[in-house]
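The next block holds one structure in the form of structure tokens; read it before the comments.
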Amino acid sequence: MTSASQPTTQLPLRAQVRDAVARAWQRAVARGALPGVADGTVLPAVDLDRPAHPEHGDFAASLAMKLARPYRRAPLDIAAAIAAEIAAEAAAGDGTSPIASVDVAAPGFLNLRLTDTALATTIGTILADPVGWGRVPAGKRRAVNVEFVSANPTGPLTIGNARGAFVGDLLCRVLEAGGQTVTREYYFNDSGTQVGKLGASVVALRHAEPVPEEGYHGAYVEDLARELPGDVLAAAQAPGADGADIIGRWAGARVRTGIEASLERLGVHFDVWKSEGSLHAEGWVERAVERLRAGGHVYEQDGAVWFRSTTFGDDKDRVIYRSDGRPTYFAADIGYVTEKFSRGFDHLIYIWGADHHGTVARTRNAAEAMGYDRDAVQMLLYSWVRFIRDGHEISMSKRAGEFITLDELLEEVGVDAARWFFASRAATTGIDFDIELAKKQSAENPVYYVQYAHARIASILRKATAVGIAPASGVGELLGGGPEAALARAIVRFPEVVEDAATSEETHGVTAYATMLATEFHAFYRDARVVDEADPERSASRLALVSVARITLANALGLLGISAPESM
RNA sequence: GCGCCCGUAGCUCAGUGGAUAGAGCGUCAGGUUGCGGACCUGAAGGUCGUGGGUUCGAGUCCCGCCGGGCGCGCCA
């Protein structure tokens with residue numbers, strides 16, 4: 001299996017160092033400096049940390065301390081044995097080792113420092129392939145379906161939908177960076193009770209009658225009533241027609257178009273819009289229930305059809321068809337699982353609000369009962385955002401027409417600032433979003449700090465072009481102990497950050513990294529003049545370095561769906 | 001009552017069992033006749049809710065308690 005477009009991605013530095021440590025460990029064992037262990041003994045993996053203090057080097061390994069128990073040896077002795085092998089390989093100078101030096105520190109750390117060659121080589125690869133910088137090699141490539149937002153089209157998206165939209169899209173971007181193929185999917189019901197109530201509300205307003213009890217209020221309902229075409233109204237009033245449903249579907253389609261536009265505005269594009277009705281119409285629900293029945297996981301009681309969810313550890317069984325024969329929401333859910341897998345996905349992710357955690361078990365149980373791997377069905381639950389204005393939590397009711405739309409929020413705060421806000425916080429923690437504070441702080445939001453660094457570099461590059469100095473193809477002999485070294489070290493960490501984000505399915509590491517990199521750049525800018533017509537050679541090398549810093553900032557922001565402006 | 005999530009600096013939040021617990025904002029004190037001052041340097045600010053336990057090592061893992069959120073429908 002070959003691919004012509006296979007990029008020649010260099011192994012990330014962390015992986016190179018990890019391999020070098022593993023080689024040294026193996027040689028130490030082979031030479032008898034470290035003991036063998038009995039078969040079946042579980043040995044630790046070689047994990048690397050980024051030390052908190054620069055004097056501890058570029059990477060630290062706690063391997064020796066973890067080997068102390070199985071080897072029945074002092075950690076310092078083990079560390080010394082491995083360090084000797086690392087030093088030997090580094091001293092050979094044949095270019096295999098990215099490690100310049102190794103120190104042993106109490107109580108058993110291996111502190112590792114990168115060679116300038118490893119740094120310079122990495123920077124060269126960034127210049128050669130800016131787009132590929134930060135894409136990490138795909139582990140097990142998967143086709144992933146990510147379903148999120150999925151608000152029914154009974155009204156515009158509100159700030160209550162904001163976190164799901166951002167968290168879902170950010171997850172998709174992180175998975176894509178990790179080499180996975182992602183489909184963004186939106187699930188909605190445009191024929192249910194709630195949409196019918198919307199239809200009834202529209203009709204009432206059209207006839208200048210009061211909105212029915214339990215109906216929908218708000219300016220958008222009035223707009224719909226005004227825009228309702230005569231032929232739709234006529235069809236709804238035809239004898240025997242379900243008027244509310246017909247008007248509701250029309251209104252739902254209209255609202256859905258608005259929702260799609262809002263989502264595009266904040267940079268979220270959905271690949272698939274799936275209606276609940278189609279799952280029933282195409283027989284997915286029926287077939288899924290049959291599949292459960294064939295496995296003996298279904299029974300009838302009190303006139304209803306139940307899924308025996310308790311078989312798989314749930315605390316109660318769940319109704320699929322009510323005693324009046326109508327399917328529950330859960331029925332559509334299990335049909336949807338089979339429909340998704342039928343499209344070839346091997347992993348499904350649901351982005352749900354924390355209030356849905358009660359439905360996680362039953363859905364995964366049903367997937368397992370139907371013969372799917374329950375681990376292939378994953379729910380990511382995000383916690384609520386409390387929106388605060390004037391010191392009070394904003395309470396909202398879509399039905400009463402009291403809400404702040406997502407569009408309004410983004411207009412106040414800005415898409416980049418809002419994306420940064422959600423990207424820099426773990427999805428599972430409850431957070432406060434003070435709108436006044438967000439507006440007030442928008443000018444000193446960290447996102448602008450990062451964007452400013454990017455724009456500043458762009459300005460430097462423009463200046464260099466104006467005076468006729470072009471960036472070199474690499475940083476040459478520039479590193480050493482000069483101001484370049486710290487910036488170069490910050491830049492080359494980027495693939496690790498992406499890898500960790502993809503593994504943890506969280507993005508706050510990326511925002512923290514981008515802030516740190518911007519700080520390093522600003523410090524470099526203070527200490528080193530980049531464009532200096534008196535020294536064009538050094539200028540060219542420094543231009544190469546700041547170009548790479550710009551690429552890295554742009555790719556980090558791009559990973560979060562945030563713009564990287566040339567000027568601001 | 002039971003289940004899940006959360007509790008870290010004045011505020012908003014990071015912290016994949018590792019070294020002296022970090023960032024942004026806010027506060028205070030400084031810095032530029034050079035490529036963008038939306039910048040830089042420094043300071044103050046913490047019994048990591050609490051009490052035990054496991055471990056060479058616990059903010060991180062386990063148990064109890066306190067406080068907050070969510071859920072426990074033939075609702076969606």
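Numbers restart at 1 for each chain; the letters A, B, ... are given by sequence-line order, proteins then strands. The figures that follow rest on heavy atoms only: side chains count, while hydrogens, waters and symmetry mates do not.
- Between the side chains of A/Y525 and A/E520, no donor N or O sits under 3.5 Å from an acceptor N or O.
- Aromatic pair A/Y187/A/Y336: ring centres closer than 6.0 Å.
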Pairs counted as Watson-Crick or G-U wobble with both distances under 3.5 Å: what dot-bracket string results for RNA chain B, using | for bases tied to another strand?
(((((((..((((....[...)))).(((((.......))))).....(((((..]....))))))))))))....

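- When heavy atoms are screened at a 4.0 angstrom cut-off, A/Y449 is found touching the sugar-phosphate backbone but no base atom.
- Residue side chain A/S459 does not reach the base of B/C35 through any donor-acceptor N/O pair under 3.5 Å, judged by distance alone.
- At a threshold of 4.0 angstrom between heavy atoms, the contacts of A/A331 with the nucleic acid are absent.
- Residue contacts for A/A426: at a heavy-atom cut-off of 4.0 Å it reaches the sugar-phosphate backbone alone, with no base atom in range.
- For the pair A/R256 and A/W273, the cation-pi test (distance below 6.0 Å, angle within 45°) is passed.
- Residue A/R69 has a polar side-chain atom (N or O) positioned under 4.0 Å from OP1 or OP2 of B/C56.
- For A/R456 and B/C35, the shortest distance from a side-chain N or O to OP1 or OP2 is not below 4.0 Å.
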Which nucleotides of nucleotides 66-73 of chain B have their base under 4.0 Å from a protein heavy atom (B), which only their sugar-phosphate (S), and which neither (-), written as one string 5' to 3'?
----BSSS

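- Checked against ring pair (Phe, Tyr, Trp, His ring centres under 6.0 Å), A/Y71 has no partners two or more places apart in sequence or in another chain.
- At a threshold of 4.0 angstrom between heavy atoms, the contacts of A/S323 include nucleobase atoms, whether or not backbone atoms are also involved.
- Ring orientation note: the planes of A/H356 and A/W352 are tilted relative to one another, at an angle of 30° to 60°.
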